[in-house]
Amino acid sequence: MLFEAPGEFTLAQQRRIWALMEAARDRGDVQELIPGVTNLMLIFSTPPERPQNVADWLRHAWGTLPERHIQGRLFEVGVRYGGPLGEDLAHVAAHTGLSPSDVISIHHAGEYTVCALGSAPGFGYLHGLDPRIATPRKAVPSLKMLAGTVTIGGMQAGISALTGPNGWNSIGFAELALFDPQRDPPALFSIGDRIRFYPESIEL
Amino acid sequence: MITVLESAALNTVQDLGRFGYRQLGVGTSGAMDPLALQVGNILLDNRPGDAGIEIQTYPFVIRFESAGSFSVTGVDAVLDLDGHPVLPWSVEHATAGQVLTVGPPRRGARAYICVAGGVDVPMVLGSRSTQLRGGFGGLSGRPLEAGDVLKIAGGPALSGYGALPPAVALSRPCDGGEGNVVTLRAIPATDYHLFTSPARDRFWQAEWRITPQSDRVGYRLKGEPLTLQRPVELRSYGIVPGIVQVPPAGEPIVQMADANTAGGYPRIAGIIEADLWRLAQARIGTRIRFAQCDHHQGVAAMRPITSYLDDLRMMVDLYRGSARRRAPHASGTKP
């Protein structure tokens with residue numbers, strides 16, 4: 001069952017999703033939860049007899065639970081901006097009407113929050129992109145974008161977790177392993193973690 | 001031990017899936033046809049979570065380096081054990097050095113080789129399934145290749161009994177008479193009402209064809225495009241196998257076992273869990289049709305599957321029990 005929050009994609013709405021997630025985890029019938037961007041999917045161990053009861057419970061919990069503030073860790077991530085691994089920097093600059101160096105300074109001026117993990121193992125959906133550098137996904141995805149590529153996809157920012165096809169715009173590269181099944185926990189980021197980027201090098 | 005002598009692309013080690021890590025972005029993977037894998041494991045008295053080999057490209061050839069009982073389920077195919085034909089959906093015994101060839105199926109798409117005691121690869125995050133995208137699980141996180149060696153746990157040497165294939169035991173009225181059209185029951189999903197009324201009608205009435213761009217991640221269907229009332233930009237949401245998404249081009253994609261955990265295309269429907277194995281066994285080019293059902297019908301549809309597996313478990317217990325009594329000192333028999 002999927003719960004979708006009304007309204008805009010704000011950190012406040014996402015914090016209410018986190019609160020809902022914690023409350024849903026305590027239900028005896030939930031096997032897994034997938035928090036999304038202002039939504040939450042519940043996967044049941046056995047399908048609910050009356051889905052309406054779960055829907056009522058979700059609505060009530062959404063209406064009464066306070067925002068869940070997670071004091072996440074702060075990651076400072078060095079980025080090699082531009083160059084062949086950030087080849088869409090020029091496209092982002094052209095789309096936004098800014099110079100490439102302005103795009104870079106706006107990108108690392110902000111602080112980003114991990115809203116949810118998903119899509120690929122360890123990939124974090126980041127909130128906090130400055131709207132001035134928001135750039136729609138590419139019409140033709142890159143076929144082999146490297147894991148660790150620093151990206152912009154619409155209003156969302158990210159660091160790609162796996163090497164492979166990717167439709168987001170690459171603006172740089174960070175030396176990070178976002179997922180390692182042998183590590184505990186396997187994902188580098190957790191929900192609520194904050195990320196600050198800083199330029200390690202800039203190649204225009 | 002078994003050695004892979006010949007394997008084409010994308011044959012992997014799979015169990016029933018990796019659960020509990022979706023919130024880290026790790027999809028479940030697991031057998032595309034979990035029913036066939038369960039039948040094989042029940043026949044061999046394995047644990048439900050034991051891993052087998054999922055074959056989707058043929059021929060696939062292995063050599064048993066040590067003796068072991070095995071069962072090939074999922075398809076109706078020509079199976080050859082050292083020049084002798086053996087039957088799918090039944091338990092056979094291979095002696096050390098024997099070679100098993102699984103030929104292309106006459107019916108079905110995905111075969112499962114189950115071995116007594118299961119295929120022993122390391123558990124990664126609670127499962128032996130191959131996570132192709134993440135590159136872990138199964139055998140080194142990749143498809144099998146000629147020369148690969150797999151450990152098998154082994155077990156008592158029993159053979160000569162089998163199961164009625166699910167396609168026969170669980171045949172439905174809609175499965176006959178319409179040629180090769182596979183009917184899948186589905187429930188309208190979150191974004192159903194964002195589609196135009198003709199698109200909604202056509203989704204249920206039209207025949208869709210499985211395209212060659214279909215794999216363990218998803219099945220792309222061909223047909224007249226489905227249109228939205230107006231374009232939408234959705235925020236990323238959780239995905240499970242069975243969800244039918246419609247990308248901007250309008251042709252549906254059904255999410256399968258290797259689906260990502262999150263996506264963003266509009267969802268028109270969700271295929272019920274009880275019918276997903278039928279899609280997993282439908283080959284490229286197969287025509288499919290969707291039949292609308294509701295939550296309660298979807299839940300009830302699991303009951304015949306559960307009782308089919310329960311009956312099989314009981315039958316296998318009885319058979320193995322009496323076989324043990326008849327041959328109490330046979331080598332390799334459990335005490």
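For the numbers below, each heavy atom of this structure counts, side chains included, while hydrogens, waters and symmetry mates do not. Each chain gets a letter, A, B and so on, in the order its sequence line appears, and its residues count up from 1. It should be emphasised that the depicted structure is a prediction, and the values quoted were computed from it without experimental measurement.
- The pair Asp275(B)-Arg185(B) meets the salt-bridge criterion, with a side-chain N (NZ, NE, NH1 or NH2) lying under 4.0 Å from an Asp/Glu carboxylate O.
- Every residue two or more places apart in sequence or in another chain was checked for a side chain to side chain donor-acceptor pair (under 3.5 Å) with Ser105(A), and none qualifies.
- Each of Val254(B), Asp258(B), Ile253(B) was evaluated against Met256(B); a single residue qualifies, Val254(B), per the side-chain contact (heavy atoms from CB on, under 4.5 Å) test.
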**Request:** Check the pair Ile239(B), Gln245(B) against side-chain contact (heavy atoms from CB on, under 4.5 Å), reporting the backbone distance first and the verdict last.
**Result:** CA-CA 10 Å; Ile239(B) 279 185; Gln245(B) 294 182 316; 3.3 Å; yes

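- Partners of Glu87(A) according to the salt bridge (Lys or Arg N to Asp or Glu O under 4.0 Å) rule, which considers only residues two or more places apart in sequence or in another chain, do not exist here.
- Taking a 6.0 Å sphere around CD of Gln13(A), one finds it holds more than 12 heavy atoms contributed by other residues, nucleotides or ligands.
- Contacts between Tyr125(A) and chain B at a heavy-atom distance below 4.5 Å involve the side chain alone, from C-beta outward.
- Aromatic rings from Tyr112(A) and Phe197(A) are positioned such that their centres are separated by under 6.0 Å.
- A donor-acceptor contact closer than 3.5 angstrom links the side chains of His69(A) and Glu67(A).
- Chain B forms more heavy-atom pairs under 4.5 Å with one residue of Ala187(A), Pro185(A), Ala116(A), Ala120(A) than with any other, namely Ala120(A).
- Panel note: side chain Gln297(B), backbone Asp294(B); a donor-acceptor pair is recorded below 3.5 Å.
- Considering only heavy-atom pairs separated by less than 4.5 Å from chain B, the leading option among Ala147(A), Pro48(A), Ala161(A), Cys115(A) is Pro48(A).
- When the candidates Gly238(B), Ala189(B), Gly135(B), Gly298(B) are compared by the number of heavy-atom contacts under 4.5 Å with chain A, Gly238(B) comes out ahead.
- Each of Pro121(A), Pro186(A), Gly36(A) has some count of heavy-atom pairs under 4.5 Å with chain B, and the biggest count is that of Pro121(A).
- Comparing Pro51(A), Pro35(A), Gly124(A), Ser190(A) by heavy-atom pairs within less than 4.5 Å of chain B, the highest count is held by Pro51(A).
- Only the side chain of Phe136(B) comes within contact range of chain A, with heavy atoms under 4.5 Å apart.
- Contacts of Ser236(B) with chain A are made by both backbone and side-chain atoms, with heavy-atom separations under 4.5 Å.
- Within a 6.0 Å radius of OH in Tyr192(B), more than 12 heavy atoms belonging to other residues, nucleotides or ligands are found.
- For the set Leu234(B), Leu24(B), Val240(B), Val26(B), the entry with the most heavy-atom pairs within less than 4.5 Å of chain A is Leu24(B).
- Against chain B, the residues from residues 162-181 of chain A that qualify, each with a non-hydrogen atom under 4.5 angstrom away, are Leu162(A), Phe179(A), Pro181(A) in number order.
- The contact between Ile243(B) and chain A is made entirely by side chain atoms (from C-beta outward), counting heavy-atom distances below 4.5 Å.
- Looking at Leu40(A), there are no atoms closer than 4.5 Å to chain B (heavy atoms on both sides), in backbone or side chain.
- Sequence neighbours left out, the pairs with a member in residues 117-140 of chain A that pass salt bridge (charged side-chain N to carboxylate O under 4.0 Å, His left out) are Asp88(A)-Lys138(A), Asp130(A)-Arg132(A).
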